[in-house]
Structure formats: structure tokens, C-alpha cells
Amino acid sequence: MLAEVGHFTLILAFTIASFQMVIGLLPLFLTNNIHPLIIKTTTRAAILQAIMLFFSFSALLILFANSDFSLHIIYSHSHSQKPLFYKLAATWGNHEGSILLFVLIISLLGAALAAFGKKLEVKFASVTLSIQSMLAAAFTGFIIFTSNPFERLADIPLEGNNLNPLLQDWALAIHPPLLYFGYVGLSIPFSFAVAALLTAKVDEQWARWVRPWTLFAWSCLTGGIALGSYWAYYELGWGGFWFWDPVENASLMPWLAATALLHSAIVMEKRGALGSWTILLAIIAFGLSLLGTFIVRSGILTSVHAFAVDPARGLVILAILTFFMGGAFTLYALNASNIKRKGIFAPISREGALLLNNLLISVMLVTVFVGTLYPLLIDAIGANKISVGAPFFNQTFIPLGVPLLILLPLGAMINWKKADLLSAMRPLLWVFLLSFATMLFSLYISGHSGVLAWAAILLGIWLIYGAIWELLHSARFGQIEWHLALGRLIRLRAAKFAMMFAHMGIGIMVLGLAAMSAWRVENIQDMTVGDKMQIMGYELEFMTVENQLGSNYNAIVGNFMLSKNGKDLSLISTEKRRYLKRSSPTTEVGLYNSLFGQIYIAFGQLAENNRVQLRAYYNPLVVFIWLGPLLMMLGGFISLIDRKSRQVNLRKNRN
Amino acid sequence: MTRKQQRFIFVFVGIALLALAIGLILSAMQDGISFFKTPTEIVRQSLDSQKRLRLGGMVVKGSVKRQGKQLNFTITDYETELNISYMGVVPDLFKEGQGVVLEGYLDQNKQFNADLLLAKHDENYMPKEVADSMKNIPIKTMDEKK
């Protein structure tokens, strides 16, 4: 019964979205006096549509929680003995359920816009909501006609097939929803951009509206990608964190576009310049989200991460992608020349710096795009089957990214309109010298070698100190007396701190990446109980091995005592798990954090005669790789809250 | 500064950066790319051993042997078999009778030395390239060989 309710509310949502999409466009053709009535209708439709999808998704969640194996996807992806948390997570661990979540988020964001977007112009708001519901209609239609999650089985099985064991993990349980908020979050800037083109509303105000939504999407995307990377690191059992795999690139591309959009929208908001470029970025960012969805779903590119692959359905997503991108680009081509050009600025200025940031990010995006899709092109013309690997991306992406990061602290603090480069550089010279001194100190303490690696470490420190200096500079340290500056610092807008966190996050990530690519230590050894292994001055002693029974798996657990200089530090364990109804084992790794690195142990293949293969790594600064993005995400959310509270204050002051 | 000058500078910088990116892409294409081959193609064609190859196939049952850190096994595209030697981390999903993707170099003895081994998260996985190349083989022989 519940399944039928879920299916029915899904169809209702589709109907409402289709209705809303038509009604919302009416203000383009009708006179002004009827607009309030239309916006009232579309607002209610947007909220009602979100409620219907919420019902539908909740129905599916409950069905998963109850392990109703009469539903095809529950039979295929769940098991009655699985912990409740993973039963719920299995709802989006499959194609049908995850697309339902995808469309729910489209709709929720549309409803949020309808509910909170009261300050938008009526005509603009109505058209934006219409575009948003057009997306909702396209994807609910896609679910109803090709991927019904509520499909019943003729014969009801007694037990389910269990969820892919690799997905039974907390990080991967929350990774998809977070990533989807990022992907789908970019649909709002897209709808804004299309509505701006349709209603000729491209100005500072538009940038002010679009920026918080971009910030939200970007923050979620940052967190989602980092979480996925962290999951790959400890769940796949070989300690890699980024493979330049098509599915990873599929998430990196919209992230790059969103990053560029965030920065160009600042220029548009503050100075009214770069209007048409910002609109274009908003369209491209969401286009890349859809492209990512298509790549992940269709299995068109060989990837180790692809789940729920179905080429025929991929084709429908490609059709949706073509429709929305084709439409948006056509509109852009027709209207771009009408966009007013404002805000002249000199090349050396904050605007110029942000534009350079945008150009560099865009060409980085181009290299990822080419590297990811080139094999498809080559295959399509029948020339050869090729694959593009990590060396390609390292040789293209990094050389373009490094100048961007070197210039970041400078660009972030020079003046608007026209800047004097020398006066901005003088204090930065001190920042650089301090960075260099810190680098030399670390070199002396750690004793590691490698010119390139230390150059990268210097870059990381430069970014961190640079970010702190940005903040101090805004408080006018060095220009006024220090206690006055301190007073200013405390009263600075939270957004300034947000920017510091975001830029500092990049620096911290660079430190982790540099240390990991240069100084990682690996040791592989066949061991039995009592054997010892040395790694980076640590000693691992194989203490015991035991069988453990989990709720829906059996595990072989190996316990190892980690010690240094004869002093016991911690007992860490690694497991081989074999889940019910699933034939392949999975590995659970053991971790130990020290101040500057992480010891990582994992069972390799279980060998004969009681010997196991143990792989141990010393991963220097590895945690920084995710700590950085975490700070960036935090920065994004702080900035969002700051904007919101400022708007509330403005309104209070006005009243 | 006029609007025209401003636009000229930015278009110029944009084009210069794009040219740089294309230059980087073209140079990275030299060794960042591996060519996909099936075992049949590898055995039949005389291949340049300098070229990095990507190879897909199914792991032959009973062929997997481990010697310390080195793993030896045979893969097949149901037409030709090829011996593989691999050093490195073996993913949990690597198993006899299942699909695998390898990257590495072929040596003079027609043995493939892989440095990258991919098995997919999905258990019912056959590498796409293998599935494609098997379209040409009659289904009957496939069943017999299974």
C-alpha cells in the first residue's frame, strides 16, 4: 500500500511541476496586473510539489526500513539483518532511489526559493520557479517512465541481496546526499541565469540573489567530494585518495565552475562588471553537474566508482542534458549582446585579479574536460580505445593551478578599480619571508628531502599565512595603531573570516598533497602471529587474530600493537569482512594518528598456512587533505550565515 | 583606459592561457594516455613495448598464483589467453572468473607486466571493453568455455 502511495505522490508531483512550469512562464506574455496572482500560484505549486516528493521519498525510506522485499530495488539492495542506518542509506545506494533523492532536492530548493525569495522581483521569481520546476518535471518524468523505485516483484522473496558492502559505511551513507545538494544546488543559479536572460535582468541585484545559492551549492559540493575521497582512502584499502577517475572528474568539473562562478559573482555584485560571463558560468556549472550525472549513470566511461549503471537510462539523461543546455545556450546567444557592460577597471585591480582567477580556473576546467571526454571522442570516431590516466592530469592541471595559488594572496588584497601592485606587495614580502623561514624550520626538523616537495610545502604555507594576512589587512594592521586595528578585527564582518578559512583551507590541502606525494612510506610483509614489522621508526607486532560475527557479516580481525622506541602506543586492528549474500570480501583498515602523520594498516590477500599479508603505510599530513576542504566548506557556510544575518539587520534598520 | 583596450587585454590574456593549456594537453598526451587492447590483439599484433597499454579481460579460474609480493595470473577474452604479472595492491574485488582492467607494459616474452590493477566495486562487472570486443564472438563458444 505504502509503495502505491509513494508512486501516486510521485505522479502528482510530476503533474504539479508540469502545471507550474507553464503557469510560471505566463508573466513573460501577460500584463503586470496579473503577476501577483501568478506568483501566488507558482509559490504554492512549488511548495506543494516539494511536499509530494517528500511524501514519496519518505514512503521509500519507510519501505526500506521495514525491509519490504516485495519491492524490486529493496530486494536487490537490502537485507533484513542489516543495521537500520544502512537500511535507510540503501535508499539512495541504488539508481532509482538516488534519482528520487536528486529530484526531491531540486524540488526542495525550488520550494525554499519560493518561500524565502520574497524580495525577488515578481516576474523574475515566477520565471525562475518555472525553470526550476521544468527540471523537476524532467527528472520526475524520467523516474516515472524509466526507473520506478516502487516497482513490485511478482514473487515476494524472503530475503534481500544485501547492499554492496563497500557502501555500508558512514561516510558513503552521507556522501551522496551531500554531493547531490551540491550538484542540484547549482540548478538554482542555472534557473536564475535562464530567467535573467528571459526577463533581461542582468545586474548587481541579480548577482546579490545568485551568490548565496552558489555558496550553498559550492559548500555542499566541497564537502561531498572531500567525503568521497576520504571514503576511498580508508574503505578501498590501498590508501589512495584521488585517482583522476572519470567519476571523480565528473564532480571536480562542476566544482571548478562553481568556484569560478563564486568569484565572478563578487565582481558583478560589487562593480556590475562581468555580467554576461557570470551568466555563462552559471549555465555551464549546472551543465557540468548534469554531465556528471550522465557519466556516473551511463557507465559510458570505464570507472571504478560507477554504481547503478544502465546505458539506456543514461541516454535519457543525455537527452535531458541536451535539452536544457541547448535551450540555455540558445537563449544566451540570442540575448548576450543585450547585456549592458558596466564597471571599467584597470588590468591591475581586484576585478582584474578575480578575472584572472576565472580564466585560470576555466582553462584548468578545460584540461579536465578534455582528459575525461577525449577517450569517448576517440572511441566514437573509431580510431582507437584509449584511457587517460593520472600522468595526463598531473602534467596539465597542476602547472595551471600553481600560478593561480601563488597569485591568490596578492589578488585577494589589492584594491578595486585600479591598484598599485608595489604597495600591495611590500607587506606580502614579509609574509613570504615568514613562509620561507617556516619552511626552512620544517625542513630542518623533519629531515625530509626533495626540492619540488619543499616548494609545494612553501606554497601551502604561503597560502595559509597569506590568508591570515588578508584578514589582518582588512582590519588595517600596519596602517593604524595596533590596538585600534585589533578593535576593527573583532568587529570585522564574518564574511572576512569566511574568506580566510576558505583560502587557508586550500593551503592546508596543498600541504597534505605535497607531503603525501613525496614522503609516503609503504611496507608489505607476510606475517603470522608474533611477527614484527618496521615502518618509519614505528614497530607493528602481530598480537592476535580472531573471528568476529557482525550483524550481517563475518570478519577475520587482526590485532597489532603499535610501538615506538619500545613504548607501546596503541592496539590497532584491521579486518577482512565477508557480507551475507555477497561473495567478495572487503577490508576495514586500522588507523593511528600521530602529530604529523597517520599509520595505516590493511590486510592484503589472506595467504595459506595461517599467514596474512599486511600492508602498512606511513601517510604524512594525510589528514590535511580533507581538513582543508572541511575549512573551505566551513568558510562557505559562515559566509552564507553572514549574508543572511546582514540582510535581516538591513531590514530591521529600514523598518 | 577605454573599454576597447580593456577588452583587448582580457581577450589576449584569455587566448594566451588557452594556448598554454592546449600546449600542456598536447604534451601530456605523449605519455599520459594508454591504449586499450584485448589479449587477442596483443598476441597477434607486434606491439611496441615502449607503449603503455591498458588491457581488459576475465581472470582464468585456477590461474592465480602468489609469490611474495608478486601476483601471477592469466586473463582471457574467451579467444586468447595472456600471462600477467603484477606487483602492488590487490583490490578485494579481484577474483578468479571475474573482470579486471590492467595497465602496464608488454615484455619480449609476451608477458604483460602490470603496475595498475582495477576491479570494480560492482560484483557483476565485466570491463566494458571486454564486453564490446566479445560481441563479435559467437555466444555458443563463450558458454562452452565458461
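First the proteins, then the strands, lettered A, B, ... as listed; each starts at 1.
- The parts of A/Ile524 that come within reach of chain B are both its backbone and its side chain, each placing non-hydrogen atoms under 4.5 angstrom from that chain.
- Note that CZ of A/Phe397 and CD1 of B/Ile25 are 12.0 Å apart. Values are rounded to the nearest 0.5 Å.
- B/Leu20 contributes atom CG, which lies 10.5 Å from atom OG1 of A/Thr367 (distance to the nearest 0.5 angstrom).
- A distance of 12.5 Å separates OG1 of A/Thr396 from CD1 of B/Ile22, quoted to the nearest 0.5 Å.
- Per-residue counts of heavy-atom pairs under 4.5 Å with chain B were compared for A/Leu359, A/Asn394, A/Leu356; the largest is that of A/Leu359.
- Atom CD1 of residue A/Ile348 and atom CD1 of residue B/Ile9 lie 9.0 Å apart, to the nearest 0.5 angstrom.
- Summarising the geometry, atom CZ belonging to A/Phe393 is positioned 13.5 Å from atom CG belonging to B/Leu24; distances are rounded to the nearest 0.5 Å.
- The ring pair (Phe, Tyr, Trp, His ring centres under 6.0 Å) test applied to B/Phe94 returns B/Phe73, not counting sequence neighbours.
- In this structure, chain B has no heavy atom under 4.5 Å from any part of A/Lys418.
- Looking at A/Tyr374, the atoms closer than 4.5 Å to chain B (heavy atoms on both sides) all sit in the side chain, from C-beta outward.
- Contact annotation for A/Val388: both backbone and side-chain heavy atoms come within less than 4.5 Å of a heavy atom of chain B.
- Heavy-atom minimum distance, A/Phe392 versus B/Ala28: CD1-CB, 3.6 Å.
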